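The structure under discussion appears below in the form of structure tokens.
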There are 2 protein chains.
Amino acid sequence: MNQVEIAEKLSAKGMRVTPQRIAILGAILKLNNHPTAENIIEYIKINHPNISIGTVYKVLDSFVENHLLKKVKTEGGIMRYDPLPFNHHHLYCEETDRIEDYEDQTLDELIIDYFEKKGIKNFTIQNIQLHITGKFKH
Amino acid sequence: MNQVEIAEKLSAKGMRVTPQRIAILGAILKLNNHPTAENIIEYIKINHPNISIGTVYKVLDSFVENHLLKKVKTEGGIMRYDPLPFNHHHLYCEETDRIEDYEDQTLDELIIDYFEKKGIKNFTIQNIQLHITGKFKH
DNA sequence: TACTAAATGAGAATGATTCTCTTCTAAGAC
DNA sequence: GTCTTAGAAGAGAATCATTCTCATTTAGTA
Ligand SMILES: [Mn+2]
Ligand SMILES: [Mn+2]
Ligand SMILES: [Zn+2]
Ligand SMILES: [Zn+2]
């Protein structure tokens, strides 16, 4: 996604288009490993040496609010950001900090069918997310 | 689980038995909602008014190390503690801070079977945990 | 070009968690 | 029961990711 496409995405959400916002969304798409705010700042500083840390956090929040991103919790409590705004699963590498997306409609249907039949007592399911830990083969 | 049973559990793990440790493990079992460190401290202060916050964190870490507890990440990055040391799933209430355990062997088998057949390219699965969000019916 | 609500930058504040260091104590040896 | 000592607890400072405040700048609109 280039800068023009990113700008269009922001406009479509009724958000103002700023150089900082374009850079931050571009960084997340480029970095492609559910980056932390710090990862993003480090990456952006090359072209935006004066960007403020507070701005990065505020922009990230506004993206989450506007469903351009989702937050991802990790061990250690540092927040990471996910450019896939729809529901999907994650593979967590045990040895490294890599988090990869896992999408699988067949599996989703299997699980949804199971819960439609069985249900959970006193609970209405809104969303199911798998947190798959393991190791990537190199 | 009474104090003697908790003390035995600590001894069995080769850990020293202290009044603080007994109180903290007792609190987590009693509170029964995957409490935060703060929840635990508040609860314990009744009988242990001089307990130090640092001690609570250190004790919790030692419990996690010794597989008496597991950590649970939540929205907002505040850590919570789980008295079930084996793998299980969680129900997250959208409206409140309640987290309930969900165990379901049939579901686990369904999912394990699925992945045994299909696998994930370049990834060895170690563990699968469901993060089920929704609403509790009151 | 001028206007204004919204966004940014700089730095202070926050707050959960960790660290440091001194004092205390649980558990084994005698 | 007393001694010994590694390990645990207490007090408070430090850390650090994130949030807040407020003065300045800017995007979008007229
Ligand atoms: Mn790896
Ligand atoms: Mn509820
Ligand atoms: Zn993702
Ligand atoms: Zn649990």
Side-chain angles (χ1 to χ4, degrees), chain A residues 3-4 6-25 27 34-45 47-66 68-69 71-81 97, chain B residues 3-4 6-28 34-45 47-66 68-69 71-81 97:
Chain A
Q3 303 204 177
V4 176
I6 292 173
E8 279 165 3
K9 216 162 202 184
L10 296 173
S11 292
K13 294 283 184 180
M15 301 174 77
R16 286 199 185 171
V17 177
T18 69
Q20 292 85 348
R21 287 178 172 180
I22 292 171
I24 290 167
L25 193 48
H34 303 83
T36 62
E38 207 198 333
N39 296 150
I40 295 161
I41 291 162
E42 186 188 18
Y43 181 86
I44 298 183
K45 282 256 163 151
N47 293 314
H48 294 259
N50 297 320
I51 197 162
S52 168
I53 292 168
T55 298
V56 173
Y57 280 101
K58 270 178 289 185
V59 167
L60 289 169
D61 277 352
S62 73
F63 286 172
V64 171
E65 248 172 61
N66 286 282
L68 292 170
L69 298 180
K71 287 186 176 190
V72 180
K73 292 276 143 15
T74 55
E75 295 304 308
I78 298 163
M79 201 74 65
R80 294 172 66 162
Y81 295 88
D97 66 351
Chain B
Q3 303 204 179
V4 175
I6 291 172
E8 280 165 3
K9 217 162 202 182
L10 295 173
S11 293
K13 294 283 183 181
M15 302 175 75
R16 286 201 187 170
V17 177
T18 69
Q20 293 85 348
R21 287 178 173 181
I22 292 171
I24 290 166
L25 192 48
I28 293 163
H34 303 82
T36 62
E38 207 197 333
N39 297 149
I40 294 162
I41 291 161
E42 186 188 17
Y43 181 85
I44 296 184
K45 282 257 164 150
N47 293 314
H48 294 259
N50 297 321
I51 199 162
S52 168
I53 292 169
T55 298
V56 174
Y57 280 102
K58 270 178 289 184
V59 166
L60 289 169
D61 277 352
S62 74
F63 286 172
V64 172
E65 248 172 60
N66 286 282
L68 292 171
L69 298 180
K71 287 186 175 190
V72 179
K73 292 276 145 12
T74 55
E75 296 303 309
I78 299 163
M79 202 71 66
R80 293 171 67 162
Y81 295 87
D97 65 352

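Just so you know, these numbers use all the heavy atoms, side chains as well, and skip hydrogens, waters and symmetry mates. The model shown is predicted, which means the values in this text are computed figures rather than measured ones. Every chain is numbered from 1, with letters handed out A, B, ... down the list of sequences.
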Subject >> Any side-chain heavy-atom pair of A/Thr74 and A/Thr36 under 4.5 Å >> reply: no

**OP:** Check the pair B/Thr18, B/Leu10 against side chain to side chain contact (heavy atoms under 4.5 Å, CB included), reporting the backbone distance first and the verdict last.
**Re:** CA-CA 9 Å; B/Thr18 69; B/Leu10 295 173; over 6 Å; no

Original post:
Roughly how many Å is it from CD in B/Gln20 to P in D/dA9, rounded to a whole number?
Top reply: 5 Å

**OP:** Could you tell me, to 10°, how much the axis swings from one end of the helix from C/dT1-D/dA30 to C/dC30-D/dG1 to the other, five pairs per end?
**Re:** 40°

**OP:** Side-chain contact test, heavy atoms from C-beta onward, threshold under 4.5 Å: evaluate it for B/Tyr81 versus B/His34 and give yes or no.
**Re:** no

Subject >> Length of the line joining B/Lys45:NZ and D/dG10:P, which is rounded to integer Å >> reply: 10 Å

**OP:** Step by step, work out the side chain to side chain contact (heavy atoms under 4.5 Å, CB included) result for B/Val59 and B/Leu25.
**Re:** CA-CA 9 Å; B/Val59 166; B/Leu25 192 48; over 6 Å; no

**OP:** Report yes if some heavy atom in the side chain of A/Ile78 is under 4.5 Å from a heavy atom in the side chain of A/Glu38; otherwise report no.
**Re:** no

**OP:** Write down the distance between CD (A/Glu42) and C1' (D/dA17), rounded to a whole number of angstrom.
**Re:** 16 Å

Subject >> Contact summary for A/Ser11 and A/Val17, nearest pair of heavy atoms >> reply: OG-CG2, 3.5 Å

**OP:** Provide, to the nearest angstrom, the distance between the CD1 atom belonging to B/Ile41 and the P atom belonging to C/dG15.
**Re:** 15 Å

Subject >> Where protein sits on nucleotides 18-30 of chain D, one letter per nucleotide: B base, S sugar-phosphate only, - none, heavy atoms under 4.0 Å >> reply: BBBB----BBS--

Original post:
If you draw a 6.0 Å radius around NZ in B/Lys9, do more than 12 non-hydrogen atoms from other residues or ligands fall strictly inside?
Top reply: no

Original post:
So A/Arg21 and A/Phe63, side chain to side chain contact (heavy atoms under 4.5 Å, CB included) or not? Walk me through it.
Top reply: CA-CA 9 Å; A/Arg21 287 178 172 180; A/Phe63 286 172; 4.0 Å; yes

Original post:
Roughly, in whole Å, what's the span from NE2 in A/His48 to P in C/dA7?
Top reply: 17 Å

Original post:
Can you check side chain to side chain contact (heavy atoms under 4.5 Å, CB included) on B/Arg80 and B/Lys71, steps first, answer last?
Top reply: CA-CA 6 Å; B/Arg80 293 171 67 162; B/Lys71 287 186 175 190; over 6 Å; no

Original post:
Tell me: CD1 of B/Ile22 to P of C/dT25, nearest whole Å?
Top reply: 15 Å

Original post:
B/Leu25 CG to D/dA8 P: how many Å, rounded?
Top reply: 15 Å

**OP:** Take the protein atom CZ of A/Phe63 and the nucleotide atom P of C/dA7, then report the distance between them rounded to whole Å.
**Re:** 11 Å

